[in-house]
Protein chains: 2
Amino acid sequence: MRRIIAYGLLGGVLVALLKVIEYEHFVHTYPGEIYGGLVAVVFVVLGIWLGQRWRRSHEVVVREVPVEVPAAGAAAPGGPFAADLSQLERLGITQREYEILRLIAEGLSNREIGERAFIAENTVKTHSSRLFDKLGVSRRVQAVQRARELRLLP
Amino acid sequence: MRRIIAYGLLGGVLVALLKVIEYEHFVHTYPGEIYGGLVAVVFVVLGIWLGQRWRRSHEVVVREVPVEVPAAGAAAPGGPFAADLSQLERLGITQREYEILRLIAEGLSNREIGERAFIAENTVKTHSSRLFDKLGVSRRVQAVQRARELRLLP
DNA sequence: TCGAGAATCACCCGAAAGTAGGACGACGAA
DNA sequence: TTCGTCGTCCTACTTTCGGGTGATTCTCGA
């Protein structure tokens, strides 16, 4: 409900912005193509931003990938990896937390993880904190190590 | 690749759409405000769509199907690990630094490493700092990851 | 429609990690 | 001897992490 109001206000701001742009006599100074193009670009960017915030359940697509593990002998590091997702459920690790775990394992800082996942650094901290709890560790290197033991990471 | 083409086509459609709208404008059917508003609305919606699409593509949850695990018997990767010591020489990593690297990979803190190796925490920092230089990384998780790639760690 | 779980974000604080620079002694090669 | 490398240790500083608490929003299912 509050969100709708917020969007309403946002719409107002947009219209105002539009007015301002128009007031600048863009229409008269530049040909219509440029004006329209500018407006389009600005609002496409804005729409993308909105769209990323406006999340829906159906956005999550679960893709099942059959993976085969090479038989004994020359294992292929970097080859197909099968994550033991039952461990996730057993430990109560959420999808988002698992995502953060993988990003941690890539050596990213919390800030970088935030940028990658479109969330605030604080949120990353919250996720990783809970993740550490569930993994029973207290440092990120340990988390990665533990996750590898649990076959959550390659 | 196909995605790029798709986006290219999409861009073309956008331009065409713009042209059409513009045509309407030049016919002076609508005043500039309405024209701009229309463009804005259309492209906001389009942006939202794009944003959600983009986000979805980044939220794909890869769920691997359970697979057979190689015989429990000592598989090569789990067995005795042979570090590629030539990499050490190539990168100019000393024995001591390699030792610190292994301890880092165990998830120990600098203090714990110092206790384990009977050296001061500051010394550990010096070693790890030089180690990071030689590995071309800046964080310990990255160092472990990189070392694994270089087959310096299991 | 209510509540539980999730995801999000904020603020604070202390600890840990990392940066930059310098210093010193041991040892071996030039 | 002189030079370079290694290992050790230091100060001082900035950044990052991790813990704790509290709050809002959203979704889903009962």
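Here the structure is a predicted model, which is why all the values come from computation and not from measurement. Note on naming: letters A, B, ... go to the chains in the order of the sequence lines (proteins, then strands), and numbering restarts at 1 for each one.
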Next item on the list: Answer yes when A:R139 and B:E112 have at least one side-chain N-carboxylate O distance shorter than 4.0 Å, and no when they do not.
Entry: yes
Next item on the list: Would you kindly give the CD1-to-P distance between B:I93 and D:dT5, to the nearest whole Å?
Entry: 16 Å
Checklist line | Distance-minimising heavy-atom pair for B:Q142 and A:E106 | finding: CG-O, 4.3 Å
Next item on the list: Determine, for B:F132 and B:R130, whether the Lys NZ or Arg CZ falls below 6.0 Å from the six-membered ring centre while staying within 45 degrees of the axis.
Entry: no
Margin query: If the helix axis at each end comes from five base pairs, how far does the helix from C:dT1-D:dA30 to C:dA30-D:dT1 deviate from straight, to 10°?
Written below: 40°
Check: What's the shortest heavy-atom distance between B:L101 and B:A143, and which atoms?
Finding: CD1-O, 4.3 Å
Checklist line | Any A:H127 side-chain N or O less than 4.0 Å from OP1/OP2 of C:dT8 | finding: yes
Note to self: Can you list everything that forms a salt bridge (charged side-chain N to carboxylate O under 4.0 Å, His left out) with B:K125? Sequence neighbours excluded, please.
What the structure shows: none
Note to self: Classify A:T94 by what it touches in the nucleic acid, base, sugar-phosphate, or nothing, heavy-atom distance under 4.0 Å.
What the structure shows: sugar-phosphate
Notebook entry, point to check: Can you check the A:I113 CD1 to D:dC17 C1' distance for me, whole Å?
Noted result: 11 Å
Checklist line | Separation of D:dC17 P from A:L103 CG (nearest whole Å) | finding: 13 Å
Next item on the list: Examine A:R102 relative to A:Y98 and say whether NZ or CZ is less than 6.0 Å from the centre of the six-membered ring and inside a 45° cone about the ring axis.
Entry: yes
Next item on the list: Return the 5'-most residue of the pair B:K134, B:I119 with respect to DNA chain D, ranking by each residue's nearest nucleotide.
Entry: B:K134
Notebook entry, point to check: Given atom CG of B:L91 and atom C1' of D:dT5, what is their separation to the nearest angstrom?
Noted result: 17 Å
Next item on the list: Report the residue from B:E121, B:H127, B:R140 that forms a side-chain hydrogen bond (donor to acceptor under 3.5 Å, both in side chains) with B:N110.
Entry: B:R140
Item checked: Distance in angstrom units between B:Q95 CD and D:dT5 P, rounded -> 18 Å
Notebook entry, point to check: What integer distance in Å separates A:E115:CD from C:dT8:P?
Noted result: 15 Å
Item checked: Between D:dC17 (P) and A:L131 (CG): distance, integer Å -> 14 Å
Checklist line | Atom pair CD1 (A:I104) and CD1 (A:I113), whose distance is rounded to the nearest 0.5 Å | finding: 5.0 Å
Item checked: Side-chain N,O (A:T123) to OP1/OP2 (C:dC9) below 4.0 Å -> yes
Next item on the list: Figure out the CD1/C1' separation between B:I100 and D:dC9, and round it to whole Å.
Entry: 14 Å
Next item on the list: Treat primed atoms plus P, OP1 and OP2 as sugar-phosphate and everything else as base, then score nucleotides 12-30 of chain C 5' to 3': B for base contact with protein heavy atoms under 4.0 Å, S for sugar-phosphate contact only, - for none.
Entry: ----SBBS-----------
Next item on the list: Verify the distance criterion only: is there a donor paired with an acceptor across the side chains of B:Q87 and B:R90 at less than 3.5 Å?
Entry: yes
